[in-house]
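For reference, the structure discussed in these notes is given below.
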Amino acid sequence: MKKIGWMTVVAVCLVSGTISVVCGQDTWPEPDVRLPVFKTDTFDIRGFGASDAPGFVSTAAIQSAIDACHGQGGGVVLIPEGVWSSGPLSLRSGVNLHLSRHALLQFSRDFNDYPLIETWWEGLPQVRRHSPIRAEGQQNIGITGEGVIDGNGDAWRYVKKAKMTDSQWKNLVASGGVVTPDGKEWYPSESALKGRQYQDAGLITPDKTKTFFEEIADFLRPNLVVLERCERILLEGVTFQNSGAWNIHPLMSRDVTIRNITVRNPWYSQNGDGLDIESCTNVLVEGSSFDVGDDAICVKSGKGTHGRQLGMPTENLWVRNCTVFHAHGGFVVGSEMSGGARNLYVSGLTFIGTDIGLRFKTTRGRGGVVEDVYIRDIYMKDIPGEAILFDMYYEAKDPIPAAGEVRQPPKAETLPVSEETPQFRNFYIANIHCEGAKKAVFIRGLPEMPIRGIHLSGLRMKTAAGIDIQEGAAITVTESVVETTSDEPLAYVLNGRDVVFDALRYGGRVKTLLHVQGERSKGVVLHNIDTSLAEKPLQADHGAAETAVKMN
């Protein structure tokens with residue numbers, strides 16, 4: 001068998017009682033993403049009246065420079081070194097907003113600077129505050145340079161007391177704002193707190209009036225950068241930080257290149273995602289670092305009925321050579337994936353302390369198909385949760401429970417398959433290294449729709465618990481080493497069909513090698529594995545018969 005990595009992704013499956021080899025994609029296609037082209041004409045914002053004098057707000061001057069640049073066929077709008085204060089800006093076709101080294105573009109804390117607009121949020125058409133930087137329907141746009149863009153997100157975000165020290169919480173409460181009656185959350189204003197009582201408060205529905213949205217306007221936090229229905233986008237070199245919600249949100253756009261950027265949000269920031277690529281086509285993300293409060297690099301495509309009707313998958317995505325520090329997930333798909341996702345190529349990522357490493361999440365009601373995903377050369381360290389997770393029971397909660405929090409597993413029931421039933425299938429994941437995690441692999445599908453076609457090879461993992469597969473079909477784990485420290489079974493299968501472990505090593509003695517449960521379990525195979533190090537090679541119960549497992 002060839003070296004895992006840039007070589008063929010190899011998996012095995014059970015065919016008529018024998019082991020056969022099936023291959024993933026031998027070679028990956030190179031990124032085919034068109035770059036924007038900019039004129040060299042330069043529009044210095046100081047020439048339009050901008051000033052970095054303390055207290056001066058340069059919104060009108062910067063927007064005038066952008067408009068003039070666009071009106072003359074495009075070019076570079078220069079933000080020179082200095083601290084520049086601004087309200088929200090609209091980026092226009094042909095404009096490269098360039099931040100010099102030592103330039104800080106700091107956005108206003110005054111909520112009145114940010115009008116309410118109709119856009120999309122968490123996969124649904126919603127009313128939100130205008131983003132600090134927004135482009136809609138534009139072409140050939142860029143944000144480049146070596147400077148910093150700061151969204152002043154601390155002014156917007158609500159904060160959970162459990163995520164702060166006592167001193168931080170006291171200082172926050174003393175700064176103003178409103179605390180919930182139970183004393184567990186802080187909001188910047190009564191308007192923000194009022195919006196908390198509604199599910200999907202910003203969702204556009206016939207019964208919601210302009211007055212309604214105005215009354216909860218402070219709750220409708222803006223993303224830092226939104227690029228909606230745009231083409232040929234370049235984000236390069238800049239630090240994007242401190243967003244009120246998501247940091248960077250390409251939405252229904254195509255030909256997006258993101259390289260060598262830094263994305264930062266406080267670890268406690270609610271909805272503090274790094275990069276959310278939603279319903280986009282032809283995207284390259286490379287050479288960038290993320291340290292955020294929610295998911296780092298996330299793929300989305302709309303939510304529920306709206307996402308399915310829109311029918312815009314995220315497709316043809318390359319993510320390579322990036323580093324993620326704090327985040328809920330390092331590389332993530334979902335949970336808003338109702339339009340689907342396909343042709344995702346992910347390689348050369350390092351996760352240090354992310355709650356979960358590779359995270360694929362959805363739930364009933366979403367619908368959508370995520371398929372043809374190729375991942376290799378991922379390096380992880382100190383993962384509090386799962387190194388690799390597939391879960392069709394996403395509950396919109398932090399992946400790691402708070403201290404003292406008790407969570408119950410979802411109720412298992414079989415429902416009819418419909419357009420609302422999500423699907424994960426055809427994943428090829430190779431050469432994954434993990435030093436420290438709660439669990440190596442967790443796969444949990446639905447009884448009516450198992451997660452199908454997950455091929456894992458070249459795992460090198462030292463974790464507390466091993467491999468947990470529930471309601472999965474055509475799952476293979478080959479040429480891998482998983483060393484565990486807990487007394488749990490190295491591998492657990494619940495209602496698994498055609499689940500194959502081939503050449504799996506485990507580095508020492510274990511109490512139980514494989515535990516199989518569920519009356520629908522069948523075609524489970526242990527092949528080319530030394531069972532002598534296990535006190536009990538096989539345990540089958542709760543509806544599963546030993547005949548469901550073949551050991552050779």
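Predicted model, so just to flag it, every value in this text is computed and none were measured.
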Pair Arg497-Glu471, salt bridge (charged side-chain N to carboxylate O under 4.0 Å, His left out): steps then yes or no
CA-CA 8 Å; Arg497 281 82 87 192; Glu471 303 293 353; 3.2 Å; yes
_Between Ile467 and Leu490, is the side chain to side chain contact (heavy atoms under 4.5 Å, CB included) condition met? List the steps._
CA-CA 6 Å; Ile467 300 169; Leu490 181 73; 5.9 Å; no
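- Not a single donor-acceptor pair under 3.5 Å links the side chain of Ser288 to the backbone N or O of Cys322.
- Arg232 and Asn140 share a donor-acceptor pair across their side chains, judged by distance under 3.5 Å alone.
- In terms of modelled atom types and a separation under 3.5 Å, the side chain of Ser338 and the main chain of Gly307 share no donor-acceptor contact.
- Formation of a donor-acceptor pair under 3.5 Å by the Arg425 side chain with backbone atoms of Ile454 is not found in this model.
- The list of ring pair (Phe, Tyr, Trp, His ring centres under 6.0 Å) pairs with a residue in residues 245-297, not counting sequence neighbours, reads Trp121-Trp246, Trp246-His249, Trp267-His326.
- Within the structure, the ring pair (Phe, Tyr, Trp, His ring centres under 6.0 Å) test picks out the following pairs touching residues 456-494 (sequence neighbours left out): Tyr492-His515.
- For the pair Ala465 and Ser486, the tightest heavy-atom approach, listed with the atom from each and the gap, is CA-OG, 3.9 Å.
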- Could you walk me through whether Asn223 and Asn247 pass the side chain to side chain contact (heavy atoms under 4.5 Å, CB included) test, one step at a time? CA-CA 6 Å; Asn223 297 339; Asn247 228 308; over 6 Å; no
Going through the checks in order, is the side chain to side chain contact (heavy atoms under 4.5 Å, CB included) test met by Ser131 and Leu224? CA-CA 6 Å; Ser131 291; Leu224 178 58; over 6 Å; no
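- A distance-only check finds a donor-acceptor pair linking the side chain of Trp318 to the backbone of Pro29 [under 3.5 Å].
- Taking the ring pair (Phe, Tyr, Trp, His ring centres under 6.0 Å) definition, one finds that His433 meets it with Tyr379, sequence neighbours left out.
- Using a distance-only test at 3.5 Å, with no hydrogens or angles considered, no donor-acceptor pair links the side chain of Ser301 to the main chain of Thr314.
- Residue Lys163 places its NZ atom among more than 12 non-hydrogen atoms of other residues, nucleotides or ligands, all under 6.0 Å distant.
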Inset, instruction - Could you please spell out the steps behind the side chain to side chain contact (heavy atoms under 4.5 Å, CB included) verdict for Ile388 and Leu456? - result: CA-CA 10 Å; Ile388 301 173; Leu456 304 167; 4.3 Å; yes
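- For Ser480 (side chain) and Leu459 (main-chain N/O), a donor-acceptor pair under 3.5 Å exists by modelled atom type.
- Contact annotation: the side chain of Cys280 never approaches that of Met312 to less than 4.5 Å [non-hydrogen atoms, C-beta and beyond].
- Classification of Asp150 and Arg264 as a salt-bridged pair fails, no side-chain N sitting under 4.0 Å from a carboxylate O.
- Here the side chains of Val332 and Ile297 are not in contact, with every heavy-atom distance at 4.5 Å or above.
- No side-chain N or O of Asn265 forms a donor-acceptor pair with one of Ser243 less than 3.5 Å apart.
- The main-chain N or O of Tyr374 is never found under 3.5 Å from a side-chain atom of Arg376 such that the two would form a donor-acceptor pair.
- When side chains are defined from C-beta on, Val516 counts as touching Leu514, because their heavy atoms get closer than 4.5 Å.
- The ring pair (Phe, Tyr, Trp, His ring centres under 6.0 Å) test applied to Phe240 returns no partner, not counting sequence neighbours.
- Residue Glu519 qualifies as open at atom CD: its count of foreign heavy atoms under 6.0 Å is 12 or below.
- You'll find the side chain of Val346 reaches within 4.5 Å of the side chain of Phe331, heavy atoms only.
- Classification of Arg134 and Glu228 as a salt-bridged pair holds, one side-chain N sitting under 4.0 Å from a carboxylate O.
- With contacts defined as side-chain heavy-atom distances shorter than 4.5 Å, the pair Ile529/Phe501 qualifies.
- In this structure, Thr362 contributes its side chain and Gly334 its backbone to no donor-acceptor pair below 3.5 Å.
- Proximity of Val369 to Pro313: side-chain heavy atoms (C-beta onward) are nowhere separated by under 4.5 Å.
- Looking at Lys361 and Asp295, a side-chain N of the basic residue comes within less than 4.0 Å of a carboxylate O on the acidic one, giving a salt bridge.
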Between Asp502 and Asn528, does the side chain to side chain donor-acceptor pair (under 3.5 Å) criterion hold? Intermediate values first, please.
CA-CA 6 Å; Asp502 179 49; Asn528 193 24; 4.5 Å; no
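- Considering only heavy atoms from C-beta on, Phe427 stays 4.5 Å or farther from Ile443 through its side chain.
- Electrostatic pairing of Glu231 and Arg254 does not count as a salt bridge here, judged by no charged N lying under 4.0 Å from a carboxylate O.
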Steps toward side chain to side chain donor-acceptor pair (under 3.5 Å) verdict (Asn96, Thr144): CA-CA 7 Å; Asn96 176 10; Thr144 67; 2.9 Å; yes
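- No side-chain N or O of Asn271 forms a donor-acceptor pair with one of Asp294 less than 3.5 Å apart.
- Counting only residues at least two apart or in different chains, side chain to side chain donor-acceptor pair (under 3.5 Å) contacts with residues 381-394 comprise Asp391-Arg444.
- By the 4.5 Å heavy-atom criterion applied to side chains, Ile261 and Thr239 are not counted as neighbours.
- Under the 4.0 Å criterion applied to side-chain N and carboxylate O atoms, Arg128 and Glu122 are not assigned as salt-bridge partners.
- No hydrogens or angles considered: a donor-acceptor pair under 3.5 Å links the side chains of Asn316 and Asn343.
- Leu513 CG to Thr531 OG1: the interatomic distance, rounded to the nearest 0.5 Å, is 7.0 Å.
- Put simply, the side chain of Thr354 never gets that close to the backbone of Phe351: no donor and acceptor are under 3.5 Å apart.
- The OG1 atom of Thr476 sits 10.0 Å away from atom CD1 of Ile429, with the distance rounded to the nearest 0.5 Å.
- Side chain to side chain, Ser253 and Arg229 fail the donor-acceptor criterion of an N or O pair below 3.5 Å.
- Atom CG of Leu538 sits about 14.5 Å away from atom NZ of Lys550, to the nearest 0.5 Å.
- Under the side chain to side chain contact (heavy atoms under 4.5 Å, CB included) criterion, Val481 pairs with Arg460, Glu483, Arg505, not counting sequence neighbours.
- When atom types are taken as modelled, the side chain of Asp377 and the backbone of Ser347 share no donor-acceptor pair closer than 3.5 angstrom.
- Side-chain polar atoms of Asn321 and Glu286 form no donor-acceptor pair below 3.5 angstrom.
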